[in-house]
Amino acid sequence: MIRSITQQKPEEELDQLLEGLGRIFIIGCGTCVTLTQTGGGPEIAKMKEKLSQKGKMITGDVVVPVACDNLTRDALDEYGGRIDQADVLLIMTCAFGVQTIARQIKKMVVPALDTLFIGKETSLGEFNEICTQCGTCILGETGGICPVTSCHKGLVNGPCGGTNNGKCEIDKDKECAWTLIYNRLNELNRLDAMRKLQKPRNHQGELSPGKWRLKLETRNP
Amino acid sequence: MVSAFKNALTSGKFVVTSEVAPPKGTNLDKMAHHIELLKDKVDAMNVTDHQSSVMRFPSLGGALLVKEMGGEPILQMTCRDRNRMALEADLLFASQRGINNVLCLTGDAVMFGDHKEAKGVFDLDSSQLVAAIRRLEKGEDLGGNKLDGNVSFCAGAIVTPEANPLEPQLIKFEKKIEAGAEFIQTQAVYDLDNFKGFMDYARQFPVKILAGIILLTSAPMARFMNKNVAGVNVPQELIDEMASAPKGRALSKGIEIAGRMIKRVREEKMCDGVHIMAIGKEEVVPEIMAAAGLD
């Protein structure tokens with residue numbers, strides 16, 4: 001399943017964001033951030049402890065089932081009083097959750113996490129970015145491995161000169177996307193796909209910010 | 001107009017290029033000194049483009065200086081800092097000012113440089129930049145619009161003959177040639193027997209190849225490159241040879257080795273020439289050439 005991958009903001013940044021705000025209500029989420037151990041029950045407990053030590057008052061806390069779902073509002077309803085008492089909502093969910101909650105509740109929100117990417121748990125405890133949702137999918141020519149996402153430079157015509165021993169120049173723990181694509185296409189006996197000189201990408205496939213409407217069939221009168 | 005460098009490439013002579021690096025700032029004295037030293041000795045000199053992602057005086061400005069001083073510049077252009085519009089615009093300017101040789105590069109990642117939070121662009125890649133140059137020459141930009149006035153370039157790219165794995169690099173190398181690259185300057189080669197193997201393959205393509213020669217300045221520098229520079233492999237015997245140099249004589253040893261390698265490349269007609277990179281020691285390039293018997 002695709003997940004929103006997050007990490008906690010540096011403590012100094014959080015301190016700055018919460019400066020002068022004494023009463024805090026904390027919201028976590030039972031989905032992605034619980035999996036990544038950045039905004040589930042145990043992380044909220046730790047955050048509460050830390051903030052209390054810094055003299056903050058925690059008016060309440062909750063782990064909603066799916067923060068980015070519209071039902072979050074109902075889940076938060078029963079905490080209305082405690083939320084009202086707070087100066088700020090400290091939200092330990094991904095940015096989708098933060099924005100959903102900000103839309104539903106008239107309160108300043110502070111994200112406790114940085115949202116890194118949309119990814120997948122590829123092995124136990126390891127998460128990898130798999131799609132940047134560029135709007136111009138080229139997986140059909142790369143054996144199903146995305147260089148736009150998996151190559152640091154998003155190159156579509158093969159590796160740069162920085163690749164070494166099948167790893168990326170920016171991090172030898174990261175695979176070189178083009179070594180992976182080469183190996184896959186070689187295995188499938190389809191290296192001809194890699195030999196094709198690709199034109200420059202269309203970076204305006206979907207103009208940012210993305211917006212898409214379901215096209216309802218028009219009925220004949 | 002055909003550039004002097006292109007004439008050299010097609011003349012059948014053993015071509016020598018070197019490079020000069022624009023400064024961090026506006027003081028061009030040192031760069032001008034290097035240009036003065038090299039302009040009548042080499043066939044052309046590359047002007048590096050924010051090398052290692054470190055912000056500097058622009059390669060276009062440096063190439064202009066080479067031109068003004070009577071040298072033959074090769075404008076290095078990476079795809080890291082400019083989108084296709086900015087690259088095309090700079091190419092128009094270069095052509096208009098008589099800078100007609102371009103080396104197309106992808107560019108190092110931003111994080112290696114001194115502006116670590118900057119956005120890496122990579123709108124085009126190196127092969128697409130070569131193709132863009134060929135399209136501009138046909139009087140049309142990448143948006144399909146007609147250009148008023150002609151441009152003409154000698155366009156090149158690079159290859160890493162000792163990359164591991166090699167095959168994906170070779171596929172890209174072939175795409176660069178398909179896109180229209182006329183010359184290739186290689187990443188540093190030290191094992192010339194290996195390089196001959198690469199040339200056996202590369203000779204089938206209609207492209208001029210200049211072997212990359214990086215001056216070794218010390219044994220630790222060689223070990224550092226082996227550890228940190230992708231596709232550079234200094235054999236142990238060369239490292240030992242560098243280490244054997246008496247104290248204070250390592251640079252002379254490096255010059256001797258570079259000269260010896262160039263001589264062998266030339267005598268055995270391995271490829272069309274050499275590209276000498278004396279990173280930070282440009283003033284010794286004439287000595288390297290002398291050691292190679294090229295003066």
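What's counted below: heavy atoms across the whole structure, side chains too, no hydrogens, waters or symmetry copies. Predicted model, so just to flag it, every value in this text is computed and none were measured. Lettering follows sequence order; numbering is per chain, from 1.
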A:Glu12, CD atom: more than 12 neighbouring heavy atoms under 6.0 Å: no
Donor-acceptor contact present, side-chain B:Gln128 to main-chain A:Gln198, <3.5 Å: yes
For the student: nearest non-hydrogen atoms of A:Ile170 and B:Phe112, plus distance: CA-CZ, 4.0 Å
Spacing of B:Leu124 atom CG and A:Lys199 atom NZ [to the nearest 0.5 Å]: 13.5 Å
Over 12 foreign heavy atoms within 6.0 Å of CZ, A:Arg190: no
Main-chain N/O of A:Lys196 paired with B:Lys175 side-chain donor or acceptor, under 3.5 Å: yes
Heavy atoms of other groups near A:Glu19 CD, more than 12 under 6.0 Å: no
Stepwise side-chain contact (heavy atoms from CB on, under 4.5 Å) check, B:Lys172 with A:Trp178: CA-CA 10 Å; B:Lys172 182 120 182 227; A:Trp178 278 103; over 6 Å; no
Any donor-acceptor N/O pair, A:Lys153 side chain to B:Gly107 backbone, under 3.5 Å: yes
Most chain B-contacting option - heavy-atom pairs closer than 4.5 Å, from A:Cys176, A:Gly161, A:Gly154: A:Gly161
Interatomic spacing from CG in B:Leu105 to SG in A:Cys160 - rounded to 0.5 Å: 11.0 Å
A:Val156, A:Leu155, A:Leu197 screened by side-chain contact (heavy atoms from CB on, under 4.5 Å) with B:Ser127, the one that passes: A:Leu197
side-chain contact (heavy atoms from CB on, under 4.5 Å) assessment of A:Thr163 paired with B:Gln169: CA-CA 9 Å; A:Thr163 176; B:Gln169 290 285 332; 3.4 Å; yes
Minimal non-hydrogen separation, B:Ile171 against A:Arg195, with atom names: CG1-NH1, 3.9 Å
Toward chain B, the part of A:Lys172 with a non-hydrogen atom under 4.5 Å: neither
Worked verdict on B:Glu167 versus A:Met194 for side-chain contact (heavy atoms from CB on, under 4.5 Å): CA-CA 11 Å; B:Glu167 180 75 6; A:Met194 187 167 163; over 6 Å; no
Which atoms of B:Ala109 approach chain A - backbone, side chain, both or neither, heavy atom under 4.5 Å: both
Portion of B:Asp123 that has a non-hydrogen atom of chain A nearer than 4.5 angstrom: both
More than 12 heavy atoms of other groups within 6.0 Å of A:Asn202 CG: yes
A:Lys174 atom NZ, over 12 foreign heavy atoms within 6.0 Å: no
Nearest atoms (heavy-atom pairs only) where B:Ala230 meets A:Gly162: CB-O, 3.4 Å
B:Lys227 atom NZ, over 12 foreign heavy atoms within 6.0 Å: no
More than 12 heavy atoms of other groups within 6.0 Å of A:Lys120 NZ: no
Part of B:Gln187 within contact of chain A (heavy atom distance under 4.5 Å): neither
Part of B:Arg80 within contact of chain A (heavy atom distance under 4.5 Å): neither
NZ/A:Lys106: more than 12 non-hydrogen atoms of other groups inside 6.0 Å: no
